[in-house]
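Here's the structure, in structure tokens; my notes come after.
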Amino acid sequence: MDILAVRSTNYAKQDERLYKQWFDFADSDDDGRITGADAVNFFSLSNLSRTELKQVWALADSKRQGFLGFQEFVTAMQIISLAQTGNDISADMLKCSETENISPPMMEGLAEMIAKKGSSQKANDSVNGNSPQLHAQSAQWFTQKAPKKIPASHVTSVIDGLKKLYVEKLRPLEVTYRFNDFVSPLLTESDFDAKPMVMLLGQYSTGKTTFIKHLLRSNYPGAHIGPEPTTDRFVVVMGGTDSRSVPGNTVAVQADMPFSGLTRFGTAFLSKFECSQMPHALLEHITFVDTPGVLSGEKQRTQRSYDFTGVTEWFAAKCDLILLLFDPHKLDISDEFKRVIGSLHGHDDKIRVVLNKADQVDTQQLMRVYGALMWSLGKVLNTPEVMRVYIGSFNDKPINDKAVGPIGKELFEREQEDLLADLKDIPRKACDRRINEFVKRARAAKMHAYIVGHLKKEMPAMMGRVKAQQRLIDNLEEEFTKVQREYHLPSGDFPNVEHFRDVLSGYNFDKFEKLKTKMIQAVDDMLGYDIPNLLRKFRNPYD
């Protein structure tokens, strides 16, 4: 199972200096990014047709970020080189070629243009489109002294555009109606720039840590594997320059990591949280979240020192994929596991179920186990659709042929390839997922503003405020219905009544803000016009 086939660009060392010179020349504003306009000017020197160059951009900008970093630029050059020698442009063309042996393409008149401009080397410290200057610039947007209007010239990617829209239009609405207290903390720059995350959930000894080890082909720092509950903390496994484990309290205050929101769960949780960093090709694209085994049986009576369900809900909102792991001997869904799965509500599209260690039973038993698993899930997942279940044995041991037979072995291999394809898609779809989550957040913030504005409107001007507030809290479901009718909102978008009631009880409604229609209109304009225009601006420049 070759997850390391997530594309990484290789090229001959003697060509690196030339590619950097070309990249610096094509980068018109020295920001470490080749925008669509830059690419149109530079790629035209290859004398390929517009249709071919459209394919080149689509393959190079596979993450649909709206720009090419240095690695993506080299990928584009290699595709152009192969196309110039008569190869058909396709998604698999670089897989079929030894990329180190691909010569730089012929770019007509480029050497003369570079010589005319001057051969001085730019002091560009960018790492694949993420230069320190860009980070310093966008980091200021999230400070208290942030400008009210961010110049359009500072936006050079889809993610930059989302940052701008959040700071200018969505965050003011969230702050005014205390969205961060009720639903989700305010976003930081690192939330936008974070690599896509995959979270693994399941009871102890279902193979969560082994699954990560299998994908990485090595242990990560601090990993423990055994039949007993070995992983007793949340561990974020991410790329780094060296192998080390960073304690949770340190991770939560690092500005370049998207985990500052976890401070709301207190020191009791942060002492059970750590970040494991190591240099690894796969971790340059994906971050994994290993979780403690969900309690079952007698152990459920021992309460954790932190809100386990709340933490999983927080991570679920941040993650791009959630894997629920079961093994054939642990199909029962305990009360805690049921609460955990319930906390994933609203993220159904991210959930995948993995029946791990399936080679421990024969084919006949596997059929019964699969039926029992679907029956158990049907009682917990309140959805008419059937959940996708991957069957396999995700560890470094060979498949047990004696138990599963030749048919079972073929099934496992196909299932593993399907899951592998799902994981490979994550980096490619990361930008689309970021847009999707941003739109979901905007709709939730707008809904929250309607509710808070309505509760403020229902409060009396003078006498009986305490009784009126208690009456509104007690009859919160009726108030939701009034809001729905007044503003013609979908009932499925309203928050959980009980959770909202619990949070409301700690607030004085008199201090809530009235509904500000200008703020609501700004978010509507953002959803209806600004985001579509942003995507249009950074689409394939050859469209």
Side-chain angles (χ1 to χ4, degrees), residues 162 165-166 169-170 173-174 176-185 187 199 201 309-310 312-322 324 333 337-353 377-388 429 432-458 472-504 512 515 517 519-528 531-532:
L162 292 181
L165 291 174
Y166 179 72
K169 296 192 173 183
L170 185 54
L173 184 77
E174 293 183 359
T176 301
Y177 296 100
R178 308 185 189 196
F179 182 77
N180 55 312
D181 293 340
F182 285 79
V183 184
S184 175
L187 297 180
M199 178 167 65
L201 288 169
T309 306
T312 56
E313 186 176 3
W314 187 92
F315 273 110
K318 302 281 183 185
C319 284
D320 294 66
L321 197 69
I322 302 166
L324 298 181
I333 297 178
F337 204 2
K338 187 175 181 179
R339 289 194 299 272
V340 167
I341 294 174
S343 72
L344 306 180
H345 178 70
H347 306 290
D348 304 34
D349 57 321
K350 303 178 184 180
I351 301 174
R352 305 289 186 273
V353 178
L377 287 172
K379 294 198 301 179
V380 179
L381 297 167
N382 296 318
T383 172
E385 293 83 14
V386 177
M387 186 64 65
R388 176 69 165 97
K429 294 180 177 177
D432 292 337
R433 174 74 69 183
R434 203 73 84 225
I435 297 164
N436 183 61
E437 293 300 314
F438 185 83
V439 171
K440 272 170 57 176
R441 184 183 181 94
R443 294 189 193 284
K446 200 172 79 164
M447 176 71 72
H448 178 76
Y450 279 128
I451 294 170
V452 171
H454 171 78
L455 294 175
K456 171 68 174 179
K457 185 178 71 174
E458 293 295 307
L472 289 170
I473 292 174
D474 293 340
N475 302 323
L476 191 58
E477 205 159 354
E478 292 178 19
E479 301 306 320
F480 279 10
T481 305
K482 290 179 185 177
V483 173
Q484 181 190 353
R485 289 173 181 168
E486 184 177 354
Y487 299 106
H488 310 290
L489 303 171
S491 58
D493 287 356
F494 279 82
N496 180 276
V497 176
E498 293 304 321
H499 173 72
F500 206 84
R501 183 181 284 127
D502 289 343
V503 181
L504 272 178
F512 285 164
L515 188 66
T517 53
M519 282 189 167
I520 298 291
Q521 188 58 51
V523 173
D524 282 337
D525 290 343
M526 179 187 77
L527 294 172
I531 291 179

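Keep in mind the model is a prediction, meaning the values are calculated, not measured. Numbers here are sequence positions counted from 1.
- Contact check for L504 versus F182: side-chain heavy atoms found under the 4.5 Å cut-off.
- Using a 4.5 Å cut-off on side-chain heavy atoms (C-beta onward), Y487 and I520 make no contact.
- Counting only N and O atoms by type, the side chains of E174 and Y166 include a donor and acceptor under 3.5 Å apart.
- In this structure, F512 has its ring center no closer than 6.0 Å to that of H454.
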Determine, step by step, whether M519 and T176 satisfy the side chain to side chain contact (heavy atoms under 4.5 Å, CB included) criterion, reporting the C-alpha distance in whole Å, the side-chain angles of both residues, the deciding distance to 0.1 Å, and the verdict.
-> CA-CA 9 Å; M519 282 189 167; T176 301; 3.1 Å; yes

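- Of the charged side-chain nitrogens involved, none lies within less than 4.0 Å of a carboxylate oxygen, so that R434 and E437 do not count as a salt-bridged pair.
- Between R433 and D349, the closest side-chain pair of non-hydrogen atoms falls below 4.5 Å.
- Scanning both residues, P185 and N180, for their nearest heavy atoms gives CA-CB, 3.9 Å.
- Closest approach of H448 and Y177 over heavy atoms only: NE2-O, 2.6 Å.
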Worked verdict on R501 versus E498 for salt bridge (charged side-chain N to carboxylate O under 4.0 Å, His left out) | CA-CA 5 Å; R501 183 181 284 127; E498 293 304 321; 2.8 Å; yes

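- Contact of the N436 side chain with the K440 side chain is registered, since non-hydrogen atoms from C-beta on lie closer than 4.5 Å.
- Side chain of N475 to backbone of E478: no donor-acceptor contact under 3.5 angstrom is found.
- Between F480 and F494, the ring planes are tilted. Angles from 30° to 60° get that label.
- Taking the side chain as every heavy atom from C-beta outward, L344 and D348 never approach each other to under 4.5 Å.
- Counting heavy atoms from C-beta on, the side chains of R441 and L187 come closer than 4.5 Å.
- Using a distance-only test at 3.5 Å, with no hydrogens or angles considered, a donor-acceptor pair links the side chain of K350 to the main chain of A316.
- The two atoms that bring P495 and M447 nearest to each other are CD-CG, 4.4 Å, heavy atoms only.
- Taking 4.5 Å as the limit, every side-chain heavy atom of M526 sits out of range of all side-chain heavy atoms of K446.
- Considering all non-hydrogen atoms of both residues, A522 and K169 come closest at O-CD, 3.6 Å.
- Between R352 and L321 the shortest side-chain heavy-atom distance falls below 4.5 Å.
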